[in-house]
Undergrad: 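Dumping the structure here so I can ask a few things about it.
Basis for what follows: all heavy atoms, side chains included, without hydrogens, waters or symmetry-related copies. All of these numbers come straight from a predicted model, not from anything done at the bench. Letters A, B, ... mirror the listed sequences (proteins, then strands); counts begin at 1.
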Number of protein chains: 2
Amino acid sequence: MADTGPDLEPEDRRRVVLKDVAALAGVSVKTVSNVVNGYVHVTPATRARVEAAIRELNYRPNLSARNLRQGRSGVIALAVPELDIPYFAELARLVVAAAEERSLTVLVDQTGGDRAREQLVAEGIRAHLIDGLIFSPLALTGEDLAARTDDTPMVLLGERIHHGPADHVVVRNVEAAREATLHLARLGRRRVAAIGAQDHPAAGTARLRLAGYREALAAAGLPADDGLVAPVAAYHRADGARAMARLLDRADPPDAVFCFNDLLALGALRTLLERGVDVPGDIAVAGFDDIEDGRYATPTLTTVAPDKEQLARRAVELLAERMAGAAPAAREIHVPHRLVVRESTAGRPARPAPDPAAAGRTS
Amino acid sequence: MADTGPDLEPEDRRRVVLKDVAALAGVSVKTVSNVVNGYVHVTPATRARVEAAIRELNYRPNLSARNLRQGRSGVIALAVPELDIPYFAELARLVVAAAEERSLTVLVDQTGGDRAREQLVAEGIRAHLIDGLIFSPLALTGEDLAARTDDTPMVLLGERIHHGPADHVVVRNVEAAREATLHLARLGRRRVAAIGAQDHPAAGTARLRLAGYREALAAAGLPADDGLVAPVAAYHRADGARAMARLLDRADPPDAVFCFNDLLALGALRTLLERGVDVPGDIAVAGFDDIEDGRYATPTLTTVAPDKEQLARRAVELLAERMAGAAPAAREIHVPHRLVVRESTAGRPARPAPDPAAAGRTS
DNA sequence: CTGAAAGCGCTTACAG
DNA sequence: CTGAAAGCGCTTACAG
């Protein structure tokens with residue numbers, strides 16, 4: 001139509017629209033629309049003619065127009081701190097898969113765990129482009145959430161910050177951390193350390209896992225020694241490696257350590273290896289998340305395995321419900337977890353070892 | 001407007017549109033549009049009034065409408081086999097970041113490496129929703145690409161399949177594989193194996209890395225023994241673990257192995273550990289990709305490090321150029337790589353070891 | 001510097 | 001079962 005483009009324009013091959021298909025098939029646009037959208041009341045002959053025309057013209061519906069008309073886009077956003085943190089990468093894969101089953105497309109936001117960016121995401125940087133948001137915040141506060149004005153349906157992954165208006169899908173962090181720590185205590189370890197404490201008020205996960213750790217110490221009759229609780233700036237391998245080094249430098253190093261995620265544990269394992277400390281002989285190590293790396297680590301890593309598949313599936317499900325217009329009170333859904341005991345607390349398997357592939361995805 | 005919704009409708013709080021803002025600010029919609037889009041010719045006083053109205057009404061532009069009008073969406077798709085394969089996860093993070101610099105949003109497609117799904121992606125499942133596509137295919141053939149009818153701008157990551165119409169951003173695979181293999185040969189290893197060969201014709205990367213491996217053997221004056229070339233079904237840890245086991249079961253096991261990616265190498269390391277084979281003492285191991293896991297593996301992994309940052313950046317750049325209407329001939333861009341020598345070929349570092357954190361992202 | 005009006009490509013009541 | 005027409009919420013020539 002508008003022939004105002006620069007001279008680079010490929011060809012005069014004008015974009016094919018519904019009307020063109022209708023003209024070629026000799027029907028109204030309504031009928032073409034019906035065929036495209038799979039409505040029932042179209043005679044087979046008409047349908048065939050329309051489909052032939054669609055093929056011949058290579059017509060594709062313009063989704064922006066459809067979205068504008070229908071008031072929805074079929075796109076949801078997944079906002080995570082970093083896409084290449086294995087836990088979030090696995091989650092992303094599962095969310096994309098679960099969304100696809102509902103014909104939803106996933107758009108990705110990376111917040112870097114930065115509060116300002118998380119506020120933007122909560123406030124709807126993509127307002128009207130996305131129909132819903134699955135959000136795993138790191139630094140967002142309850143106040144931020146309460147101040148939210150955007151009304152895009154949202155489901156939060158992770159701890160429930162305050163009692164805001166959003167659905168949450170979570171793991172029972174306190175219980176899971178207690179189980180992991182208790183497992184270490186039952187190995188006969190007396191000085192069980194923790195790696196992963198965090199100061200800032202928004203660090204809900206860290207707080208809950210720390211609480212579970214402390215409950216377990218009490219239950220096992222072990223003294224709580226704050227010197228054995230190592231704070232970290234972030235939850236990457238490097239933080240775990242450094243924290244482990246600090247713990248080893250103490251006069252009374254631990255004989256077990258519960259790391260608040262697997263990445264921290266993998267970093268800790270590396271430090272232990274470099275220092276020549278035997279795992280689990282000298283120090284037993286447990287993590288949290290059950291990322292695939294842990295199944296191939298040296299030694300393989302004992303960890304809390306949340307049901308990530310269900311986490312993703314439930315999140316998409318709750319979101320779809322809200323998107324469909326249901327407006328129940330904010331819900332909090334718990335997904336199951338289990339403790340997976342591997343070599344880092346149970347010793348190396350006798351050779352020949354079980355094929356670690358059996359623990360991985362078969363794909 | 002249409003008050004036809006079911007009784008669940010939250011409130012009569014009608015969606016705020018441009019017109020409402022214009023009315024409140026006492027200007028025309030054109031002026032509001034100018035303010036929203038940051039055009040220059042608006043008096044400061046007017047701008048302030050409009051901005052106040054936007055805040056008061058909590059107005060957000062409807063992106064679908066804007067897209068429809070402008071003929072573009074500002075959204076690009078990234079299609080990869082699996083989001084939780086570390087290499088693709090790292091790439092995804094970098095692509096999302098690079099896209100953001102250009103105000104582009106990234107939507108993710110997972111193909112599972114399945115040809116049918118890859119054909120769909122190439123044919124534009126999201127036609128008109130996305131302005132462009134960055135695509136890392138696994139099973140797609142040159143014929144598939146030649147048959148492509150969708151004209152969404154596309155940039156391919158990985159090997160150039162045939163000489164189709166698409167831009168490619170690639171690593172010099174043959175050279176890189178040759179360097180890695182030569183490194184092993186220069187350690188004095190005589191029986192250098194390869195893990196990662198693949199049969200199917202679309203496996204361009206496998207073919208090129210195998211070629212580089214063979215070139216290096218010839219250059220080093222080593223005999224080519226096809227029994228030392230291990231094929232794999234996929235490029236996951238489990239495949240590497242199994243392939244390594246097969247190589248070890250031979251009468252004449254290798255004293256070095258070049259794995260076509262890091263995941264295969266990590267699986268191989270696990271098998272070697274279980275079998276009590278010393279790395280690099282008995283067998284030196286090298287990989288390809290430089291994923292973060294390799295920096296914390298036991299031992300740390302020697303690998304070819306492609307400049308992933310540049311890979312992502314260039315891909316987005318080429319795509320943006322095509323999206324802007326430039327239609328040069330298909331381009332093939334090579335990004336640099338380097339061989340990173342670590343413990344798996346160079347032995348363990350003397351204690352105290354360098355902090356592995358220094359090798360990781362600092363974040 | 002601002003206003004009034006057309007139109008992007010669909011879907012959807014409303015008629016027939 | 002199908003047609004003609006309105007309208008989703010923007011942006012953009014076109015006037016002034």
Undergrad: Can you tell me how far C1' in D:dT12 sits from the matching atom in D:dG16, rounded to whole Å?
TA: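 Rounded to whole Å, the distance is 16 Å.
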Undergrad: Grab the CG-C1' distance between B:Asn67 and C:dC10 for me, whole Å please.
TA: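 These atoms are roughly 14 Å apart.
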Undergrad: Given atom CG of B:Asp20 and atom P of D:dG9, what is their separation to the nearest angstrom?
TA: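 In whole Å, D:dG9 P and B:Asp20 CG are 9 Å from each other.
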Undergrad: Calculate the interatomic distance between B:Arg66 atom CZ and D:dC8 atom P; express it in whole Å.
TA: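 Roughly 18 Å, once rounded to whole Å.
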Undergrad: Which base sits across from D:dA13 as a Watson-Crick or G-U pair, both distances under 3.5 Å?
TA: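 Matched D:dA13 with nothing under the 3.5 Å cut-off.
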Undergrad: Is it true that A:Glu309 and A:Arg93 make a salt bridge, defined as a side-chain N closer than 4.0 Å to a carboxylate O?
TA: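 Judged by the 4.0 Å cut-off on N to carboxylate O distance, A:Glu309 and A:Arg93 do not form a salt bridge.
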Undergrad: Whole angstrom is fine here: how far is it from CG in B:Leu63 over to C1' in D:dT11?
TA: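 Those two atoms, CG and C1', are 14 Å apart.
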Undergrad: Any side-chain heavy atom of A:Ile333 sitting closer than 4.5 Å to one from A:Val170?
TA: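 No. Closest side-chain heavy atoms not under 4.5 Å.
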Undergrad: Taking atom types as modelled, find out whether A:Arg69 and A:Ser64 have a side-chain donor-acceptor pair closer than 3.5 angstrom.
TA: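 Not at all, the side chains of A:Arg69 and A:Ser64 share no donor-acceptor pair under 3.5 Å.
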Undergrad: When you measure from the side chain of B:Leu68, which nucleotide among C:dG9, D:dT11, D:dT2 comes out closest?
TA: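 Closest of the options to the side chain of B:Leu68: C:dG9.
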Undergrad: Over how many whole Å does the gap from B:Leu129 atom CG to C:dC10 atom P extend?
TA: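 Rounded to whole Å, this separation is 13 Å.
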Undergrad: Could you check how far CD of A:Gln70 sits from P of C:dC10, rounded to whole Å?
TA: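 After rounding, the gap between these two atoms is 12 Å.
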Undergrad: Nearest-Å distance, CG (A:Leu18) to C1' (C:dC8)?
TA: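 Spelled out: CG on A:Leu18 to C1' on C:dC8 is 14 Å.
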Undergrad: What are the residues of residues 43-55 of chain A, sorted by number, that bring a heavy atom to within less than 4.0 Å of DNA chain C?
TA: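 Of all residues in residues 43-55 of chain A, none places a heavy atom under 4.0 Å from DNA chain C.
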Undergrad: Listing time: all N or O pairs from protein to nucleotides 3-6 of chain C that are below 3.5 Å?
TA:
| from | atom 1 | to | atom 2 | distance (Å) |
| --- | --- | --- | --- | --- |
| C:dG3 | OP2 | B:Ser28 | N | 2.5 |
| C:dG3 | OP2 | B:Ser28 | OG | 2.8 |
| C:dG3 | OP2 | B:Thr31 | OG1 | 3.4 |

Undergrad: Using side-chain hydrogen bond (donor to acceptor under 3.5 Å, both in side chains) as the criterion, list what pairs up with A:Arg49, not counting sequence neighbours.
TA: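 With sequence neighbours excluded, A:Arg49 shows a side-chain hydrogen bond (donor to acceptor under 3.5 Å, both in side chains) to no residue whatsoever.
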Undergrad: What I'd like to find out is whether the side chain of A:Leu129 reaches to under 4.5 Å of the side chain of A:Leu107, using heavy atoms alone.
TA: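 A side-chain contact exists here, since the closest heavy-atom pair is under 4.5 Å.
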Undergrad: Are any of the side-chain heavy atoms of A:Ile76 and A:Leu133 separated by less than 4.5 Å?
TA: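 Heavy-atom side-chain distance check fails, nothing below 4.5 Å.
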Undergrad: What's the separation between atom CD in B:Glu118 and atom OG1 in B:Thr141, rounded to the nearest 0.5 Å?
TA: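 So the CD of B:Glu118 and the OG1 of B:Thr141 are separated by 10.0 Å.
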Undergrad: In whole Å, what is the span from the CZ atom of B:Arg72 to the C1' atom of C:dC8?
TA: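 About 13 Å, once rounded to whole Å.
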Undergrad: Tell me whether B:Glu82 contacts the main-chain N or O of B:Gly112 through its side chain, where contact means a donor paired with an acceptor under 3.5 Å.
TA: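 No: the side chain of B:Glu82 does not pair with the backbone of B:Gly112.
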Undergrad: Does one side chain, of A:Arg60 or A:Asn58, offer a donor that lies under 3.5 Å from an acceptor on the other?
TA: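 Yes, A:Asn58 and A:Arg60 have a side-chain donor paired with an acceptor closer than 3.5 Å.
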Undergrad: Between C:dT11 and A:Asn37, is there an OP1 or OP2 to side-chain N/O distance shorter than 4.0 Å?
TA: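 For C:dT11, OP1/OP2 do have a side-chain N/O of A:Asn37 under 4.0 Å.
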Undergrad: Return no unless some side-chain N or O of B:Ser33 is found under 4.0 Å from OP1 or OP2 of D:dC10.
TA: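 No.
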